[in-house]
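Per chain, numbering begins at 1; letters A, B, ... match sequence-line order. Side chains are part of it too, since the values below use all heavy atoms of this structure and drop only hydrogens, waters and symmetry mates.
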There are 2 protein chains.
Amino acid sequence: MQAAKDQFLLYLARNKLNFTSQRDIIFDVFWSSGYHISPEELWQLVKKHDPDVGQATVYRTLKLLTDAGIAREVDFGDGVSRYEACFGQSHHDHLICKECGKNIEFVNHKIEQIQEELARQHGFTLSEHSMYLFGKCTECRNP
Amino acid sequence: MQAAKDQFLLYLARNKLNFTSQRDIIFDVFWSSGYHISPEELWQLVKKHDPDVGQATVYRTLKLLTDAGIAREVDFGDGVSRYEACFGQSHHDHLICKECGKNIEFVNHKIEQIQEELARQHGFTLSEHSMYLFGKCTECRNP
DNA sequence: CTTTATGCAAATATTTTGCATCAAA
DNA sequence: TTTGATGCAAAATATTTGCATAAAG
């Protein structure tokens, strides 16, 4: 976590932004919250540490964390925005069980390769991508 | 379009739902609207044909069309929900220019194959997936 | 007739913004 | 000090719902 925090501090410093106690708390809670937290959920957790933090600050800080490369937005298409911590540097794709919500993350280099190739064929330079596979896991298929 | 309309009529009949003039108009406008229309945009277009159609009806009908397999929700992660017509039966993936919004659709069988394989390895049965590649197109790279 | 659909407006839900105040450097 | 950050409440967005009325079958 120190590496990520350093990244955050560096980002703030480079952009002449202040490191405030709210940003400190929100970062800590976000970073240790596990996967796929929504702004609302994050706010609830943050308030346990400091009940005076406003919801708007959570939204604003999530945007900061995203710009700093510490959080990324994930979208399960359920109308709620969610964020996840960028552990390591590599992005990943998602394999999600529509029944129980289980979320397996993976990176497949062959797919990434084909994606690059495909983009090149169309004259594109890729900057990012998102891929979600939806289905049913073993447990939910054989209850 | 007749095939799709038949599909819609059949769906309505099978579910004992009425075929109303509003549903007729909304279907027509949606089907000929081109890609990636939002409920709001669709409503605006529909109102040109019949100013009395309510926005709620557009939302409700889009849900119907989705259940009927005629529309599908696409999500560009920009906070607005969008729908596209299911031309043919095959799904497709998206290659999107973040600069100009150009949207190229494609299907790559090798990727689909790997996805299936990947899912199987994790004990999943796939039902659907979404894949978006974001980048910059030639024109936007060399203005 | 009976059931389903509609329009409207109100209700929800989510996120953003204006602004007076507060804190950091 | 000076600049940027915060909390709050209001505003903006996006979508859903309750209900009286209207249309379909």
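- Cluster annotation: A/Phe106 and B/Ile114 are assigned to the same hydrophobic cluster (Ile/Leu/Val/Met/Phe/Trp/Tyr, side-chain heavy-atom contacts under 4.5 Å, transitive).
- Residue A/Arg23 contributes atom CZ, which lies 11 Å from atom C1' of C/dA23 at whole-angstrom precision.
- Scored by the salt bridge (charged side-chain N to carboxylate O under 4.0 Å, His left out) test, A/Asp24 finds A/Lys5 as partners (sequence neighbours excluded).
- B/Tyr11 is listed as a side-chain neighbour of B/Leu17, based on a closest heavy-atom distance under 4.5 Å.
- Comparing B/Glu40 and B/Asn18 by the nucleotide of DNA chain D whose heavy atom lies nearest to each, the residue mapping closer to the 5' end is B/Glu40.
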Indicate every side-chain donor-acceptor pair of residues 133-143 of chain B with a distance under 3.5 Å to a residue at least two apart or in another chain.
unit_1: B/Thr138; atom_1: OG1; unit_2: A/Gly123; atom_2: O; d: 3.2
unit_1: B/Glu139; atom_1: OE1; unit_2: B/Lys102; atom_2: NZ; d: 2.5
unit_1: B/Arg141; atom_1: NE; unit_2: A/Thr125; atom_2: OG1; d: 3.2
unit_1: B/Arg141; atom_1: NH1; unit_2: A/Gly123; atom_2: O; d: 3.0
unit_1: B/Arg141; atom_1: NH1; unit_2: A/Thr125; atom_2: OG1; d: 2.8
unit_1: B/Arg141; atom_1: NH1; unit_2: B/Lys136; atom_2: O; d: 3.1
unit_1: B/Arg141; atom_1: NH2; unit_2: A/Gly123; atom_2: O; d: 3.4
unit_1: B/Asn142; atom_1: ND2; unit_2: B/Thr138; atom_2: O; d: 3.3

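- Distance A/Ile37 CD1 to C/dT14 P: 14 Å, rounded to the nearest Å.
- Per the geometry, CD1 belonging to B/Ile26 stands 13 Å off P belonging to C/dA5, to the nearest Å.
- If you take CD of B/Gln22 and C1' of D/dT21, they are 13 Å apart, rounded to a whole angstrom.
- Between B/Thr57 and C/dA5, a side-chain N or O to OP1/OP2 separation shorter than 4.0 Å is absent.
- If you chain together hydrophobic residues whose side chains sit under 4.5 Å apart, A/Ile37 and A/Tyr59 never meet in one group.
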Might you list the N or O atoms of the protein lying below 3.5 Å from N or O atoms in nucleotides 16-22 of chain C, with each pair's distance?
unit_1: C/dT16; atom_1: OP1; unit_2: A/Lys63; atom_2: NZ; d: 3.2

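- Every residue two or more places apart in sequence or in another chain that forms a side-chain hydrogen bond (donor to acceptor under 3.5 Å, both in side chains) with B/Glu40 is listed here: B/Gln44, B/Gln55.
- Here CE of A/Met131 is found 9.0 Å from OG of B/Ser130. Values are rounded to the nearest 0.5 Å.
- Atom pair A/Ile25:CD1 and D/dA5:P shows a separation of 16 Å (rounding to whole Å applied).
- For B/Glu117, there are no salt bridge (charged side-chain N to carboxylate O under 4.0 Å, His left out) partners, not counting sequence neighbours.
- Distance CG (A/Asp24) to P (C/dA24): 11 Å, rounded to an integer number of Å.
- In the helix from C/dC1-D/dG25 to C/dA25-D/dT1, the terminal helix axes, each the rotation mapping four pairs' C1' atoms onto the next four within five end pairs, subtend 30°, rounded to 10°.
- Remark: C1' of D/dA24 and CG of B/Asn15 are 16 Å apart, rounded to the nearest angstrom.
- At distances below 3.5 Å, at least one donor-acceptor pair connects side-chain atoms of B/Asp50 with backbone N or O atoms of B/Asp52.
- Side-chain N/O atoms of A/Thr20 include one lying less than 4.0 angstrom from OP1 or OP2 on D/dT6.
- Rounded to an integer number of Å, the gap from A/Asp52 CG to D/dA9 P is 13 Å.
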